[in-house]
Amino acid sequence: MFAVLLLGSVLVVLIALLFSVCFRVRRSAVHYRMCAKLPSIPRGYLADFKLSIRLATLKPKDLLPYFGKILKQYGPVVYLNILGHSYVLLNDPDDIKALLSSSQHINKGPEYTMLHPWLNKGLLTSGSLKWHSRRKLLTNTFHFQILETYIPTFNKHAQCLMRKLEKMIGNDQQVSIYPHMTLCALDMVCETIMGTELRSQEGKSVEYVQAIYTVTDIMVQRIFKFWLWNNYIFKMCKNGRNFRKSLKILHEFTENVIKKKREKLDNALVMEEISLGKKRVQSFLELLIGLSMQNPEVMTDLDIREQVDTFLFEGHDTSSITMTLTLILLGLHQDIQNSVREELYSIFGDSEREATIEDLRSMIYLDRVIKETLRLYPSVPAITRKLRQHLTIKENQIPSQAVIGVIPYLLHREEKLFPNPLAFDPDRFLPENNCSRHPYAYIPFSAGPRNCIGQKYAVNMMKTVVSAVIRQMKIETLGSMDDIVVVSQLILRPESLPGIKITRIKK
Ligand code: HEM
């Protein structure tokens, strides 16, 4: 009897396995049949293998131009088979709208899993279920009334930056502003969102910033170098060891930020008020700590750390490169810089007072300058999604499980969307020019339900810093636009930038 039962069970398991294999093979066959109908670069085992090798061996600075060439030759919809994985590049605003505006296609591509050891399932990397509840929760902490309270902190750190830049005035030295902008942005994000002073501009968190560079650099290498995909191989190689070392620095840093905040809130009464919802929640870290007290299983320490890591990274790295490039581009276009300064004089006159939220709103021309900087150099140069269902775009149907890549860096340089695309011209964003443009032709903050939660925050921060500099200093860039060399490392990073010369403006 026992033997019959055992035999029966084995049979059931075998049949289930057989069905599962058949289902997968069938699904895979359907998948590849649908992919075969998509416009593509030359196909075949050899061509696919060559493509994978090419991507793995390209220099980082050549990646975006390489995808640019592919899109020019085969686009705007191109299928790529990278080691058996289906990728589809989209470069038409209508198709991009179909993808990004959908509430179905909100799961990120597999490259984001490389971020998991660092950001775990923070807002940027989480999948649908967790993402929905967290996004709803955290959106409140970016309400415009809360953003307004951040302006004095932005001013404080902008003034600290000014004091550092002033030391570089007049001694004919070439200034590399990117490291200064990075630390300034980090101080701002940490103090506003986390409510904790970092003083990185005073030389306190250099190790953290260096660790971010190491981690993002290694992650991008891993995305394209398929032999590093395997966890064991990765762990054993030099890159894997450096990655772990830097990760330790990053996690200790954020754990410290959280610890400091917890200490600040250690006053039992304040804690009680937060958990009872009596106190107005000011920073998002307070909100998360308050929730973890009410419901420790729903908001664990790891849950808090993943959001802190995500917001510190996304918040400072994206804005610092944009502020740097805005100043460099203004230094290359003196007429545009003068127009920005005129606008600032019309707002502030000769006064040296700090900017208010109303002032920032009045900086309409500077707004266009920042938009144009983000057009040429979107801080997030590429976005991916993994389809959970088929996606229909015009005559093409892309199967579920395919990974879609949208590359704002290339989209924003399309001649038919932005004539003379390499020219720096803020007037492209005059209302009369905006209204005839497709809303998905310009997407530096992405679009749809998974767009950037920090967009307004970032614009306020960038206007505060750039206006503080341009009100008091003349920037001259020593070089040309060709000297701006950027690479895609999940976010845009400079490979080399022209230096600038700073002169004080005589009043
Ligand atoms: C120039 C500044 C910025 C740019 C260009 C930018 C751009 C973007 C883009 C394109 C995305 C979508 C990424 C994707 O789909 O993979 C995104 C997401 C995100 N950004 Fe920003 N960002 C900026 C500043 C900020 C700031 C200041 C913060 C926070 C303080 C922030 C927090 C986030 C978060 C948390 C997400 C994930 C949102 C989600 O998936 O729901 N960003 N950002």
Side-chain angles (χ1 to χ4, degrees), residues 96 99-103 105-115 119-128 130-139 141-142 146-147 150 153-154 181-182 184-194 283-285 288 306-326 367 369-386 403-409 411-412 440 442-466 488 490-492:
I96 293 172
L99 176 79
L100 295 183
S101 65
S102 153
S103 53
H105 306 297
I106 54 166
N107 280 350
K108 301 287 174 88
E111 318 74 46
Y112 290 77
T113 51
M114 311 263 178
L115 282 165
L119 307 181
N120 200 37
K121 304 273 175 60
L123 199 63
L124 182 70
T125 40
S126 49
S128 42
K130 184 166 194 181
W131 174 78
H132 271 294
S133 67
R134 295 294 191 249
R135 175 85 190 206
K136 207 168 149 204
L137 178 76
L138 295 173
T139 296
T141 62
F142 283 83
I146 292 182
L147 294 187
Y150 294 160
T153 309
F154 289 165
M181 291 297 178
T182 305
C184 178
L186 187 57
D187 276 347
M188 288 176 168
V189 175
C190 204
E191 193 168 333
T192 51
I193 296 185
M194 314 302 160
S283 78
F284 106 142
L285 188 51
L288 297 179
E306 66 194 17
Q307 300 301 355
V308 173
D309 281 332
T310 300
F311 279 76
L312 278 181
F313 162 60
E314 265 290 318
H316 94 275
D317 240 352
T318 47
S319 330
S320 53
I321 180 72
T322 308
M323 295 192 290
T324 302
L325 288 168
T326 304
D367 198 68
V369 168
I370 292 174
K371 281 197 172 104
E372 177 67 345
T373 306
L374 280 168
R375 179 186 69 82
L376 280 168
Y377 302 103
S379 333
V380 181
I383 298 166
T384 63
R385 293 281 189 278
K386 184 165 183 177
V403 177
I404 312 284
V406 175
I407 310 181
Y409 180 89
L411 177 76
H412 294 175
Y440 281 73
Y442 177 71
I443 47 167
F445 293 100
S446 187
R450 238 180 144 171
N451 69 350
C452 175
I453 196 173
Q455 174 169 352
K456 290 201 176 81
Y457 175 104
V459 171
N460 284 347
M461 174 211 255
M462 296 189 293
K463 280 184 173 174
T464 309
V465 174
V466 176
S488 171
L490 296 174
I491 61 148
L492 207 67

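One-based numbering, in listed order, for ligands and for the atoms of each. Positions are given from 1, in the same order as the sequence printed here.
The aromatic rings of Y150 and Y457 sit perpendicular, their planes meeting at an angle over 60°, well past the 30° parallel limit.
Side-chain contact of S101 with Y440: a donor-acceptor pair under 3.5 Å is absent, judged by distance alone. S379 and T322 form a side-chain donor-acceptor contact under 3.5 Å, judged by distance and modelled atom types alone.
Ligand 1 has no nitrogen or oxygen under 3.5 angstrom from a nitrogen or oxygen of T322.
Although no hydrogens or angles enter the test, the distance criterion places no donor-acceptor pair under 3.5 Å between the side chain of T384 and the main chain of G405. Judged by distance alone, the side chain of K456 and the main-chain N or O of F142 form no donor-acceptor pair under 3.5 Å. The backbone N or O of I404 sits nowhere less than 3.5 Å from a side-chain atom of R385 that would complete a donor-acceptor pair. At distances below 3.5 Å, at least one donor-acceptor pair connects side-chain atoms of Y442 with backbone N or O atoms of K371. A donor-acceptor pair under 3.5 Å links the side-chain atoms of H412 to the main chain of R375, judged by distance alone.
Scanning Y112, W131, Y150, Y377 for the heavy atom closest to atom 41 (O) of ligand 1 points to W131. Scanning P444, P449, A447 for the heavy atom closest to atom 10 (C) of ligand 1 points to P444. Of the options Y457, F311, F313, the smallest heavy-atom separation from atom 27 (C) of ligand 1 is shown by Y457.
The protein non-hydrogen atom at the shortest distance from atom 38 (C) of ligand 1 is R135 NH1, 3.5 Å. Scanning the protein for heavy atoms near atom 40 (O) of ligand 1, the closest one is R450 NE, 2.8 Å.
Heavy atoms of H132 found under 4.0 angstrom from ligand 1: none, in either backbone or side chain. Of the heavy atoms in I383, only side-chain atoms (C-beta onward) come closer than 4.0 Å to ligand 1. With a 4.0 Å cut-off on non-hydrogen atoms, M461 does not touch ligand 1 at all.
Looking at I383, L124, I106 one by one, the single match for side-chain contact (heavy atoms from CB on, under 4.5 Å) with R450 turns out to be I106.
Assignment of N451 to the shell around ligand 1 is supported, since a heavy atom sits closer than 4.0 Å. Residue contacts with ligand 1 leave out R134, since none of its heavy atoms falls under 4.0 Å from the ligand. At least one heavy atom of I193 lies less than 4.0 angstrom from ligand 1. Not a single heavy atom of P378 sits closer than 4.0 Å to an atom of ligand 1.
Listed by chain and number, C452 SG are the protein N/O/S atoms closer than 2.8 Å to atom 21 (Fe) of ligand 1, with waters left out.
Of all non-hydrogen atoms in T182 and S320, the two that sit nearest each other are CA-CB, 3.5 Å.
A salt bridge between E306 and R134 is absent, with no side-chain N of the basic residue lying under 4.0 Å from a carboxylate O of the acidic one.
The shortest side-chain heavy-atom distance between L119 and Y112 does not fall under the 4.5 Å cut-off.
Enclosure of atom NZ in K130 by more than 12 non-hydrogen atoms of other residues, nucleotides or ligands within 6.0 angstrom is indicated.
Less than 4.0 angstrom separates some heavy atom of M462 from each of these atoms of ligand 1: 1 (C). Ligand 1 places these atoms under 4.0 Å from at least one heavy atom of K108: 14 (C), 15 (O), 16 (O), 40 (O).
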